[in-house]
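Okay, structure first, notes after.
Just so we're on the same page: letters track the sequence lines, and every chain starts at 1.
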Amino acid sequence: MTDSSSQNNNDSTNGSHGKRPAQSSGSSGASFPKIVKFNGNIQRTPGRDLDATKRPAPAHYSREDLLAQKQALPIYAVRQRLLEELRKHQTLIIIGETGSGKTTQIPQLIFTHGMTENGTIAVTQPRRVAAITLATRVAQEMGAQLGTTVGYTVRFEDVSNFKTKVKFLTDGMLLREAMLDPLLKRYSVIILDEAHERTIHTDVLFSVVKTAQKKRAEQGNNRLKIVIMSATMDVDHFSLYFNKASVVYLEGRQFPIQVFHAKQIQEDYLFSSLVTLFQIHKDAPADHHILIFLTGQEEIEAFAKSARTIAKDLQGKYANLKVCPLFANLPQNQQMEAFSSPPPNTRKVVLSTNIAETSVTIDGIRYVIDCGRVKARTHMPATGMDVLRIQKIAQAQAWQRAGRAGRQAAGFCYRAYTLNEFEKMAPNAIPEIQRCSLTTVVLQLLALGVQDPLHFDFMDKPPTELIEGAMKELHLLGGIQSIDKPVLTEIGQQMAAFPLDPRFTKLILASKDLGCTEEIVSIVALLSADSIMVNASAQREQANNVRAKFASSEGDHMTLLNIFRAFRTAKQNRNWCFENFVNYRNLLYAVEVRKQLAELCERTNIPMKSCNPQTEPIRRCLLAGLFLSVAEYQREGHYLTLGSRQTVTIHPSSVLFHTKPSCIVFTELIQTGKRYVRQVTLIDRDWIEELPKETLLQLRQTFRGTVNGPNRS
DNA sequence: GAGCACTGC
């Protein structure tokens, strides 16, 4: 550990040995962050973690084992000095690689030295599974039963009680708590971990904890200690934001990784990655597995096909090759393939999206091939549309990817881009808060008591248009009094209470008058979950045929509801899901969301009325809540949106893709190759005129001239 | 007749 400002001690691990594929050359001079092998037994299960039976069982260690493991962590030797720093400063920034032991050891250090007399230690994580596994591990090390002294809180699961002193929670969960108590009075220490990931929640929390600390200090009792933990080397930014807070560096052990860059610019990064794969395959021992970072499902499936074909031609000449795709939308049983050990004399090649960058860890990876690209979502405030496109990664991401080769032993990373290209990459990825729709964030800020979101103390301020766009949408939804005076209305307060996109809360509120809350709450829950349709390209046709019995001629929302009802009738049976090509995990998730929403409805006096067997109220409700998302048929399959007057197409996954009704309401607008609307429902155009007067007035004001007389061509 | 990266409440 060294004190701040003297830090530039990255090991350059670009060694001189190692074989080079023909089109790659050894990199020179680029620094490499420290990679530390985690010395515990923490494993992360992929995907949303709802199925408790699938969670890795906590390993059982003896007291001696646990102590030995603790002592082997790099942090152990410096714990006394670290403690001094923690005592000395009210705000401390700790830089250390993931797995250096900081996340498990620092909360214990704080706890055992009495810094929790006036409250609990909160440790935030960007992901649920991490919060759960870390709490399990720390409880074990402290000899406590999980849920007592050590616990965790994530959505749908609160394993903590009033005695809990070390609490792991998702950053989103702490933000929720802050909306009820902006001073976060029950905590004496708040640790924001993985701060370098800059999730939208952590970014808001930066300011929330800073404000809470200041106010509590002014009140003079129960002061708040803040610890920011990050893996980034760009510490000045953090330190400056937290009033020049002290920075502590934690060194770790690492396995060296040799990095190679392409010799010249690769026109086709897929082809280049494929060539590299087989050059490695020719020489490396069979149990040295390979991880290839690609951008998306389609790309991965095409790459897998090519790789398997080539491997078949080479059969018998080298080791066997087992190709495993890995992306979040892949059904869990297929995801597990990427984590299992392959048979003898077989090399595993995992083709992954950036899910393998942070969310999951795969054993035995010695080689990484990095295509240098990522698919990222950007919000366009002018059109209200999200654009999904492939872009170059940042340097920090490139190092993160490379690090995946050195988790258990020395490794290699082959980059499908030149050193020059690498040097031209942005040092860090653009934080989420600067590129996503901020409607929910602005709503949360207002609920937290922030007066002027435009001048909120962001660590990195989002573009003004994004904040203004959010205010505009909130105003249209009736959530704030006016754009100039952003004060929450009663509707706005309800929107803040619901863990939903405000547009979806609006739907629930609209359902009250139409007597279809029972149905709308299910639909909103389904829209909140990942896709419930299983869509492997290989069996797409079969899947569509089997699911045809659920399809509604009225659109996707009714179709979703039909599947959900059938799932519940089938007693939420897993096999039923398998037979019907629907995703069990995501349906279970929707059931949980529905439960939560139903409770909130009860609390806010929205009766769970059903309109069954009628469906018209549901479609009228969708229109009432989503009146900004209406489109009219033009010609050649194109639609024109009522509000922003953009040409859009119904997404091929929609049940209305063939039908092309004259007027539709949709829940998602996204640009990939084309501009698509997804989740589409057929409506009667006359219903627009029958909307409540205030809504119509608002519509006319917003889109003058487009509501009464759209040009039909 | 064509395709959405990843999280979270």
Side-chain angles (χ1 to χ4, degrees), chain A residues 44 46-49 124-131 153-158 169-180 194 197-205 293-302 326-330 352-360 371 373-378 386-391 393 397 429 432-433 435-436 440-441 443-444 447 495-502 504-505 525 528-531 533 535-537 540-541 544 589 592-593 596-597 600 636-637 649-654 657-660 668-674 676 678-679:
Chain A
R44 294 171 183 174
R48 282 193 166 135
D49 178 59
T124 68
Q125 292 295 318
R127 285 166 290 278
R128 296 167 49 95
V129 181
T153 307
V154 297
R155 189 181 189 180
F156 311 134
E157 244 185 301
D158 182 8
L169 68 180
T170 46
D171 49 8
M173 205 70 218
L174 188 63
L175 192 53
R176 278 271 146 206
E177 289 188 11
M179 287 165 69
L180 300 173
E194 312 284 6
E197 287 192 29
R198 302 293 304 273
T199 71
I200 212 158
H201 294 143
T202 298
D203 260 36
V204 175
L205 281 172
F293 283 101
L294 300 169
T295 66
Q297 175 174 352
E298 213 187 356
E299 199 173 281
I300 286 171
E301 283 173 348
L326 181 65
F327 43 89
N329 250 333
L330 195 70
S352 175
T353 61
N354 49 347
I355 190 174
E357 223 173 82
T358 49
S359 302
V360 297
C371 80
R373 271 98 174 154
V374 67
K375 199 176 277 185
R377 182 188 282 252
T378 312
D386 280 353
V387 179
L388 209 54
R389 62 180 164 218
I390 294 170
Q391 59 192 45
I393 58 170
Q397 272 176 295
E432 212 181 348
I433 203 156
R435 55 183 170 84
C436 291
T440 304
V441 168
L443 183 71
Q444 285 168 340
M495 283 175 175
F498 277 80
L500 290 173
D501 181 324
F504 293 163
T505 310
S528 303
D530 288 339
S531 172
M533 313 287 186
N535 269 329
S537 56
R540 188 162 294 149
E541 204 170 325
N544 283 336
Y589 184 83
E592 291 291 328
V593 175
Q596 194 184 21
L597 296 179
L600 277 160
E636 290 159 6
T649 310
I650 296 182
H651 194 274
S653 63
S654 168
F657 181 68
H658 298 284
T659 330
K660 302 198 176 14
E668 201 181 355
L669 177 62
I670 194 162
Q671 180 169 344
T672 50
K674 264 173 164 176
Y676 287 105
R678 294 185 77 234
Q679 318 295 5

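Listed nucleotides B:dA5, B:dC9, B:dC4 differ in distance to A:Gln297; the shortest reach to its side chain belongs to B:dA5. Among the nucleotides B:dT7, B:dC9, B:dC4, the one closest to any side-chain atom of A:Leu388 is B:dC4. Nearest nucleotide to the A:Arg128 side chain, out of B:dA5, B:dG8, B:dC6: B:dG8. The side chain of A:His658 approaches B:dG1 more closely than any other nucleotide in the set B:dC9, B:dG1, B:dC4. Between B:dG8, B:dC6, B:dC4, one nucleotide has an atom nearer to the side chain of A:Arg127 than all others, and that is B:dG8.
Within a 6.0 Å sphere centred on CD of A:Glu298, heavy atoms belonging to other residues, nucleotides or ligands number 12 at most.
Listed for the A:Gln679 side chain is no donor-acceptor partner under 3.5 Å among the backbone atoms of A:Glu668. Under a 3.5 Å cut-off, the side chain of A:Arg678 and the backbone N or O of A:Ile670 do not form any donor-acceptor pair.
Taking 3.5 Å as the limit, the base of B:dC4 and the side chain of A:Glu668 contain a donor-acceptor pair of atoms between them. At a cut-off of 3.5 angstrom, the base of B:dC4 holds no donor-acceptor pair with the side chain of A:Arg377.
In this structure, A:Arg198 places its CZ atom 16 Å from C1' of B:dT7, rounding to the nearest Å. For A:Asp171 and B:dC9, the CG to P distance is 8 Å, given to the nearest whole Å. We find that CG of A:Leu174 is positioned 21 Å from P of B:dT7, with the value rounded to whole Å. Atom pair A:Arg155:CZ and B:dC9:P shows a separation of 7 Å (rounding to whole Å applied). Put simply, CG on A:Asp386 is 15 Å from P on B:dC6, counting in whole angstrom units. Regarding A:Ile433, its CD1 atom lies at a distance of 14 Å from the C1' atom of B:dG8, rounded to whole Å. The distance from atom CZ of A:Phe327 to atom P of B:dT7 is 13 Å, rounded to the nearest whole Å. If you measure from atom CZ of A:Arg678 to atom C1' of B:dG1, you get 16 Å, rounded to the nearest angstrom.
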> How far apart are the C-alpha atoms of A:Asp386 and A:Gln671, what are their side-chain angles, what is the distance that settles it, and do they pass the side-chain contact (heavy atoms from CB on, under 4.5 Å) test?
Replying inline: CA-CA 6 Å; A:Asp386 280 353; A:Gln671 180 169 344; over 6 Å; no
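At the heavy-atom level, A:Val593 lies nowhere under 4.0 Å from the strands shown. Within 4.0 Å (heavy atoms only), A:Ser653 reaches no atom of the nucleic acid at all.
A salt bridge between A:Glu197 and A:Arg127 is present, with a side-chain N of the basic residue lying under 4.0 Å from a carboxylate O of the acidic one.
Side chains of A:Val154 and A:Met173 form no contact here, defined as non-hydrogen atoms less than 4.5 Å apart.
The phosphate of B:dC4 has OP1 or OP2 within less than 4.0 Å of a side-chain N or O from A:Thr672. At B:dC9, none of the side-chain N or O atoms of A:Ser528 fall inside 4.0 Å of OP1 or OP2 (strictly under the cut-off). Within the 4.0 Å cut-off from OP1 or OP2 of B:dC6, at least one side-chain nitrogen or oxygen of A:Thr353 is found. Contact annotation: A:His651 side-chain N/O to B:dC4 OP1/OP2 distance is under 4.0 Å.
Heavy-atom distances to DNA chain B give each of A:Phe657 and A:Arg176 a nearest nucleotide, and the one nearer the 5′ end belongs to A:Phe657.
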